[in-house]
Number of protein chains: 2
Amino acid sequence: MRSAKLSLVLRHLRDHGPRSRARLATDLDLTRSAASALVAELSDLGLVRAAGIERGGLGRPGTSVELDGATVCGIGAELNVHHVAALALDLSGRVVAEHRLGIDAQQESVEQVLDRLVGLIRRTDDDVRAAGGYTVAATVGVAGLIDRPREVLTVAPNLRWRDVPVGAELRARLGAPYAVSIENEGNLAAIAEALPGDPNRQDILVIFGEVGVGGGIVAGGRLLRGHQGYAGEFGHMIVDPRGRRCGCGRVGCWETVSGLRALLDAAADPEDAVRDPALSLDDRLAELNRRADLGDTRTIAALDSVGSWVGIGSAMLTNALNPSAIVLSGYFAEIGRHMRPAIEEQLQAGVLAPHAGGTRVEFSTLGFTAAVRGGATVALDAVFDDPTVVALQRADALLGGAR
Amino acid sequence: MRSAKLSLVLRHLRDHGPRSRARLATDLDLTRSAASALVAELSDLGLVRAAGIERGGLGRPGTSVELDGATVCGIGAELNVHHVAALALDLSGRVVAEHRLGIDAQQESVEQVLDRLVGLIRRTDDDVRAAGGYTVAATVGVAGLIDRPREVLTVAPNLRWRDVPVGAELRARLGAPYAVSIENEGNLAAIAEALPGDPNRQDILVIFGEVGVGGGIVAGGRLLRGHQGYAGEFGHMIVDPRGRRCGCGRVGCWETVSGLRALLDAAADPEDAVRDPALSLDDRLAELNRRADLGDTRTIAALDSVGSWVGIGSAMLTNALNPSAIVLSGYFAEIGRHMRPAIEEQLQAGVLAPHAGGTRVEFSTLGFTAAVRGGATVALDAVFDDPTVVALQRADALLGGAR
DNA sequence: ACTCATTTGTTGAGATGCCGGACAAACTAG
DNA sequence: CTAGTTTGTCCGGCATCTCAACAAATGAGT
């Protein structure tokens with residue numbers, strides 16, 4: 001009841017930016033007295049602070065209140081085939097710490113990979129503490145199917161892992177005083193794209209492309225996880241039954257025609273440098289962008305073909321979900337501008353609603369940090385859900401310095 | 001504030017059935033005093049009543065409290081190509097009144113059809129009043145795309161309507177003291193299948209098949225409407241680009257291979273009685289069921305083929321949404337038992353998650369009343385959201401007898 | 001049959017938090 | 001410099017929740 005009001009105020013400050021107590025009162029339909037009292041309590045918890053004077057209007061200027069980012073942080077981490085990463089975000093959305101490490105999950109044991117990830121999370125937490133803050137929770141994104149109720153990684157074709165209780169393993173290794181949860185990587189990337197407070201980012205479809213294609217659905221500002229947490233596996237929708245065999249064993253999965261490999265195969269001969277896995281992905285995509293800019297016929301045809309498939313799949317999902325935007329992330333964000341016409345053409349053609357239901361095609365600007373940012377956002381949700389938890393957490397963090 | 005707690009209690013009684021005040025207190029983490037006070041207030045509002053003594057346990061037996069269905073009703077209505085219908089549900093889910101009228105929307109003017117529907121809603125409301133109750137709200141399901149923010153029927157291929165402000169038209173004609181809202185028919189059918197309190201019916205995918213194929217998505221117990229309210233248009237996902245032309249003008253829409261027409265075309269020659277539109281749909285489907293039971297090769301092959309397509313589309317949506325159940329409604333419910341093997345085969349083959357992510361294939365038992373039931377449920381949501389509204393509504397209903 | 005433990009529902013006292021109004025503070029407009 | 005406006009705080013009143021106590025209704029044990 002009390003925490004619900006505190007949560008309301010805190011979220012409002014996050015979603016709509018700093019503002020005076022009086023403004024909070026009118027926005028949230030409270031009295032000025034109530035707003036003042038709530039702000040005072042949030043201030044005692046170390047979650048908000050004064051942010052300067054609001055000059056310009058008529059009458060006495062208000063003292064603006066903003067989220068206090070200094071102390072409370074959430075950690076997002078990522079466990080992927082070619083890298084592990086961790087990132088800490090404070091309440092105000094600032095990056096406090098960031099670490100990244102290249103690995104080859106297929107060549108290392110499960111234990112080794114988990115140890116590396118735990119090391120990264122520890123270092124991130126250390127950075128947070130060094131900066132005078134503390135960690136409230138950590139959420140780890142994994143490139144595979146996460147059975148949420150059981151907190152088990154069920155299947156990860158690209159990692160080649162099966163039935164690993166990642167949540168319990170990480171908790172045991174970390175022994176941390178903060179909560180640790182796991183989530184599908186694409187789902188976290190989707191959360192990162194659902195910008196709080198932006199009305200055009202409350203019902204979105206995020207499609208994340210690398211070798212595989214995944215993603216997530218945000219509906220009404222909330223992540224759609226499905227019954228067991230398996231929602232968002234767009235890459236394995238079968239769109240071309242007479243097509244190519246997929247890594248998952250099926251034929252014609254969407255990622256076989258819209259994934260990175262499909263693009264590279266269509267755009268270049270096997271000996272071409274853009275198909276050399278030893279070179280950095282950024283460089284190879286930059287080269288394709290250059291060729292497309294110069295008007296290279298084969299490159300443009302490849303981008304058109306892949307773009308059409310991206311559009312066909314997007315149209316199906318748009319008929320089902322009617323999102324306000326489709327956010328293309330991963331390699332699509334790097335090279336998608338050349339695919340846009342083909343994607344939009346298929347979207348117009350394949351969606352029943354006029355003007356494709358108003359769905360816009362957008363490209364992510366978060367790059368490779370989408371998943372870890374989403375993870376940190378989820379971790380911070382604990383605070384926004386119930387701001388009073390930090391009272392306990394803070395005591396824990398100060399007392400239990402040894403872990 | 002207070003209404004939030006009242007709402008909590010009322011919903012709990014709906015979702016988990018009658019129970020004592022003490023049980024409510026422990027379930028909802030309240031004190032017994034608070035629970036008593038809340039029940040007393042709900043009782044004053046005429047929403048709950050005593051339901052008998054709970055014998056059997058140790059100690060003093062509790063007096064069970066249940067939803068009082070006698071007074072408060074919600075109306076659901078439906079506007080479809082071949083019929084209009086209306087149904088009133090009381091708080092406890094009992095059908096208080098039901099009316100149905102065959103029409104041919106393509107032969108009549110928009111005004112005529114709306115007048116017929118209004119007449120049906122009026123008669124239903126009269127029945128409610130005759131039974132000593134009153135109507136709190138009405139929700140009308142329409143077979144077409146509803147732009148929710150604007151409350152306009154954007155496009156309805158089967159009705160052949162475009163840009164009709166159905167909400168405003170109905171309100172003007174009814175001049176009713178209760179709220180009137182509109183919604184897509186498939187979405188209402190989906191709500192009707194999401195049984196409150198059943199944990200296996202909180203994340204479901206409802207597919208409704210007649211000539212067209214539509215449906216709705218319930219995620220976390222809440223209807224997924226999308227940005228503009230166009231979500232759930234599964235029938236026009238393009239699944240077979242080399243296939244047949246659809247009524248919407250595109251090629252290969254899912255409903256061209258899984259709709260009723262596809263089944264009838266495959267199962268019988270043009271002169272066969274099962275393809276005679278003059279005969280009742282129920283009789284024709286019964287005949288197909290009979291033939292399949294007798295082992296007729298062509299019928300079984302047709303059901304297998306259509307079932308496979310139903311399964312292929314379901315698998316795509318299951319990858320994206322991970323529902324706990326796919327509820328097949330409309331003509332699928334009548335004849336689906338012969339399709340089940342083909343559907344489940346494609347689901348297993350097309351879903352990445354092991355065992356198809358635990359998604360079960362179920363058949364609706366609501367028949368043609370699904371949409372109107374869903375509409376009445378939505379109408380009653382106003383009461384469950386804020387039980388105090390009935391205090392005003394009741395005064396209105398008693399005073400403003402003339403409308 | 002009687003007593004005791006157990007559970008229910010109600011009641012009253014106290015605490016908490018919100019609302020409304022009053023008030024001083026701080027600023028703009030003229 | 002004054003009048004008007006808006007902000008933030010303080011205080012009495014009200015509603016609501018909690019806590020503790022108590023009577024009522026039952027089963028279990030002797």
Side-chain angles (χ1 to χ4, degrees), chain A residues 1-13 16-45 47-66 68 386-389 391, chain B residues 1-13 16-45 47-68 386-389 391-392:
Chain A
M1 49 207 63
R2 179 110 188 109
S3 64
K5 298 264 181 183
L6 292 172
S7 167
L8 195 69
V9 172
L10 206 61
R11 278 180 202 279
H12 195 77
L13 288 174
H16 302 98
R19 57 200 53 218
S20 69
R21 294 162 174 80
R23 183 74 195 283
L24 279 172
T26 55
D27 288 355
L28 299 175
D29 207 31
L30 302 167
T31 56
R32 288 206 304 280
S33 0
S36 271
L38 291 167
V39 166
E41 190 163 346
L42 289 173
S43 179
D44 287 346
L45 290 168
L47 298 176
V48 303
R49 65 179 166 209
I53 308 295
E54 276 180 350
R55 299 187 172 270
L58 208 68
R60 171 178 168 179
T63 58
S64 203
V65 174
E66 69 179 2
D68 185 353
D386 180 5
T388 58
V389 295
Chain B
M1 196 59 181
R2 155 181 75 265
S3 66
K5 298 265 179 181
L6 293 172
S7 166
L8 196 68
V9 172
L10 206 61
R11 278 179 202 279
H12 195 77
L13 288 174
H16 302 98
R19 56 201 52 217
S20 69
R21 294 162 175 79
R23 183 75 196 283
L24 279 171
T26 55
D27 288 355
L28 300 175
D29 206 30
L30 302 167
T31 56
R32 287 205 306 278
S33 356
S36 271
L38 291 167
V39 166
E41 191 162 347
L42 288 173
S43 179
D44 286 346
L45 290 168
L47 299 176
V48 303
R49 65 179 167 209
I53 308 294
E54 278 179 348
R55 299 189 169 271
L58 206 69
R60 170 178 168 179
T63 58
S64 202
V65 174
E66 69 179 2
L67 295 181
D68 184 353
D386 179 4
T388 57
V389 295
L392 307 171

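Hydrogens, waters and symmetry mates play no part in the numbers below; they use all other heavy atoms, side chains included. Reminder, nothing fancy here: chain letters follow the sequence lines and each chain counts from 1.
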Nucleotide C:dT11, atom P - distance to CZ of B:R21 in whole Å: 11 Å

Return whichever of A:K5 or B:T63 has its heavy-atom-nearest nucleotide of DNA chain C closer to the 5' end. B:T63

How close or far is atom C1' of C:dT16 from atom CD of A:E41, stated in whole angstroms? 11 Å

Of the listed C:dT8, C:dC18, D:dT9, the closest approach to the B:A22 side chain comes from C:dT8

How do A:D29 and B:R23 order along DNA chain C: which one's closest nucleotide is nearer the 5' end? B:R23

Over all heavy atoms of both residues, which pair between B:P387 and B:L42 is shortest? Give the atoms and the distance, please. CB-CD2, 3.9 Å

Atom pair distance, as rounded to whole Å: CZ in A:R19 and P in D:dT7: 13 Å

Describe the nucleic acid contact of A:S36 in one word from base, sugar-phosphate, nothing, applying a heavy-atom distance below 4.0 Å. base

Can you find a pair of side-chain heavy atoms, one from B:V65 and one from B:L13, that are under 4.5 Å apart? yes

Atom CG of A:L38 and atom P of C:dC19: how far apart are they, to the nearest Å? 9 Å

Its contact letters, B for base, S for sugar-phosphate only and - for none at protein heavy atoms under 4.0 Å, make nucleotides 22-30 of chain C read --BBBBSS-

Protein-nucleotide distance (B:D27, atom CG; C:dT8, atom P), rounded to Å: 11 Å

Which residues pass the side chain to side chain donor-acceptor pair (under 3.5 Å) test with B:D386, not counting sequence neighbours? B:T388

pair A:R2-A:L38: side-chain heavy atoms closer than 4.5 Å: yes

Among C:dT10, D:dC19, C:dC19, the one nearest any side-chain atom of A:A34 is C:dC19

Nucleotide nearest B:T31 when distance is taken to its side chain, options D:dC19, D:dG8, C:dG9: D:dC19

With a 3.5 Å cut-off and no angle check, do the side chains of A:D27 and A:H12 form a donor-acceptor pair? yes

Per the atom types in the model, does the base of D:dC11 pair as donor or acceptor with the side chain of A:S33 at under 3.5 Å? no

Would A:E54 and A:R23 pass as an ion pair if we require N to O under 4.0 Å? no

Here the side-chain hydrogen bond (donor to acceptor under 3.5 Å, both in side chains) pairs for residues 57-68 of chain B, sequence neighbours left out, are B:R21-B:T63, B:R49-B:E66, B:R49-B:D68

Measuring from the side chain of B:R2 (C-beta onward, heavy atoms only), which nucleotide among C:dG21, C:dG12, D:dT16 has the closest atom? D:dT16

